Amino acid sequence: MSDKNKGMRRGLTDYGDADFSLYLRKAFIKAMGFSEDALSRPVVGIANTFSSYNACHATVPQIVEAIKRGVMLAGGLPMDFPTISLHESFAYPTSMYLRNLMSMDTEEMMLALPMDACVLIGGCDKTVPAQLMAAASADIPTIMVVTGPMLSGSHRGERICACTDCRRFWAMYRAGQIDGQEIEAVTDRLVSSAGTCGVMGTASTMACMTEAMGMMLPGGATIPAVHADRLRHAELAGTRAMALAEEGLTPSKIMNEKSLANALRVLLAIGGSTNGLLHLAAIAGRLGIEVDMEAFDAMGAETPVLIDLKPTGSAYMDDLHAAGGMATILRELAPHLHLDCVTVSGRTLGEEIDALPPPFEQSVVRPLSDPIHRGGGIVFLKGNLSGDGAIIKQSACSPELLVHEGRAVVFDSLDDLAARIDDPDLDVTASDVLVLRNAGPKGAPGMPEAGYIPIPKKLAREGVKDMVRISDCRMSGTAFGTIVLHASPEAAVGGPLSLIRDGDRITLDVPSRSLSLDVSDEELTRRKDAWTPPDESHVRRGHKKLFFDHVTQADEGCDFDFLTNRPYVGRTPG
Ligand code: FES
């Protein structure tokens, strides 16, 4: 790259006179006190995702300062800029509805502002996927930093942390086991520090996958948000971003079929969130790569779950970090990884693993020879009810429900669910299969994390803790249960869930990878012919219109079709 296209000379505003554009740019930026020397340096942009609405990103200001320090130590000029920031509990109707918008915002700012490299600060569930999607599309040298997990806290002597315990306490409240005063007290204890959820939910899953795919410096996935190491890691990322700019090591040289396969392998081994698969499909789509669900399922069969972490195990993210974090996981998985993949450090994954400190005794990450769960966390289901991509997290299932046949109890929408699930007259038993439809990408809209359909109150009070549940929406990575997700195409576009009627028999057989509706093909054809699409006359303008017109289904990552890079030129895992 010639000096003409570096630093403050990059991406000049178009006035038809480049020298005038640079002169004007400098005049304005000098109003903030920058010297000629500062403005002549390479520029590292820093995506500042602080928001008063986002507790998972509360430490971003300190992280920005640490990255700036690292950039300046390497002789560069750090420039932070704001982007959309998404928090799970502060995004109506759901954060997933806004993920693609955040990715567009981030990509366009990376391209519009002068920067030779970029450090993206993500954390809460949708932010890291949005930023990786943006990095894949913008393709300027980029390094990811996450805010890191919160610390676990305690309630009446019991260790707790968002958000698996959020759901457990809420279930106890619904079952009448704790009262209103205690559930109120619990809200003071669940989130005991800044940072992302302290279990292997979507945020932690995406952080681990990002490190595995080489877009984050080693060790960055698990450092707790409030540890000093988090800031040292950020400083190093700033310094390394300067080298990335010099080397021209862009995301497309790091993210490819092999490195994405490494991320999928880690997703399975950590028993990670089902959302990790959906987000990876979206990131891959930006690179022209398709996720091969059958190959992913085969990978799952040979990848045991190694970590004993909530929501399926017992430990928290601060325990995983104390157990060595991703170093311990990658060392164990090395025989199954593509070790020749280059990472943002400039070294290959294999070289990074070779450079790891020696292992030590710990109880959170199991060896391959003695896993928590054999045969993979996430399973791809087939059958007349699974469509193109229904999945289930088998490590989160009740063993006695892995093979189950039951009567369908159908809820037509989230509103219908809310109106009837606790009705004492609801015709439901513990052996029934709860079905929620019209809650997918377009149906809800935004494919909310409503797949964790609550156990009907009257059954919860009898002690029922799990039932087979099926939906076309997603589930929080912090939730657990025998729950089929991502049925696609969704019901709102006439997918298989739109054809179920109350009382139909449904069979789930996880070991055989099958999900079927015991209704004849002729009858299903009759129902399909009678199906009418939902009224979308309320969708007239703005982002909502863009979303409804262009969102893809779950198996393609729910990205906007025009943002993906098609036709696909590769498949992962290979
Ligand atoms: Fe932000 Fe859980 S709410 S990571």
Side-chain angles (χ1 to χ4, degrees), residues 47-60 63 83-99 102 120-132 144-153 160-170 186-211 216 220-227 230 267 270-276 278-279 309-312 315-318 320-321 325 393 396 446-452 474-480:
N48 185 339
T49 51
F50 175 79
S51 160
S52 294
Y53 291 100
N54 194 343
C56 301
H57 289 213
T59 54
V60 166
I63 292 174
T83 72
I84 291 173
S85 182
L86 298 174
H87 184 277
E88 288 303 291
S89 299
F90 289 90
Y92 176 81
T94 172
S95 62
M96 187 65 187
Y97 178 65
L98 299 165
R99 183 204 61 181
M102 180 177 176
L120 300 171
I121 306 171
C124 197
D125 293 13
K126 304 304 174 295
T127 58
V128 171
Q131 291 176 330
L132 286 171
M144 288 291 308
V145 168
V146 292
T147 54
M150 63 182 69
L151 297 179
S152 54
I160 63 169
C161 192
C163 213
T164 303
D165 294 319
C166 313
R167 296 170 202 288
R168 186 168 57 83
F169 277 102
W170 190 250
V186 165
T187 61
D188 285 338
R189 302 280 168 264
L190 278 169
V191 186
S192 65
S193 81
T196 51
C197 287
V199 299
M200 193 49 79
T202 305
S204 299
T205 299
M206 288 309 305
C208 292
M209 291 173 74
T210 304
E211 189 173 331
M216 181 192 291
T222 61
I223 306 166
V226 296
H227 278 196
R230 171 59 58 200
L267 167 66
I270 61 178
S273 163
T274 45
N275 289 313
L278 187 141
H279 294 315
L309 216 71
K310 285 178 185 279
T312 54
Y316 293 94
M317 282 301 289
D318 37 7
L320 176 60
H321 184 63
K393 186 173 176 180
M447 205 180 177
E449 293 183 334
Y452 182 74
R474 298 175 301 118
M475 173 171 85
S476 164
T478 60
F480 49 91

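When a ligand or atom number is given, it counts from 1 through the structure's own listing order. For clarity, every value in this text was computed on a predicted model and none was experimentally measured.
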Visitor: Quick one: are Met144 and Gln131 in side-chain contact, heavy atoms under 4.5 Å?
Guide: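 When only atoms from C-beta onward are counted, Gln131 and Met144 do touch, with a gap below 4.5 Å.
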Visitor: Among Thr49, Asn54, Asn48, Thr127, find the residue that satisfies the side chain to side chain donor-acceptor pair (under 3.5 Å) test when tested with Ser85.
Guide: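 Passing option: Asn54.
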Visitor: If the plane angle is over 60° it's perpendicular, under 30° parallel, otherwise tilted; pick one for His321 and His227.
Guide: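 Ring orientation of His321 relative to His227: perpendicular.
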Visitor: So, His57 side chain and Cys124 main chain: donor-acceptor pair closer than 3.5 Å or not?
Guide: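 Flag set: sc His57 to bb Cys124 pair under 3.5 Å.
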Visitor: With a 3.5 Å distance limit and no angle check, can you tell me whether Ser95 reaches the backbone of Lys126 through a side-chain donor-acceptor pair?
Guide: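 Pair absent, no side-chain N/O of Ser95 close to backbone of Lys126.
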Visitor: For atom 2 (Fe) of ligand 1, report each protein N, O or S atom nearer than 2.8 Å, sorted by chain and then by residue number.
Guide: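 N, O, S partners closer than 2.8 Å: Cys197 SG.
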Visitor: So Leu98 and Ile84, do their side chains get closer than 4.5 Å, heavy atoms only?
Guide: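 Ile84 does not reach Leu98 side chain to side chain.
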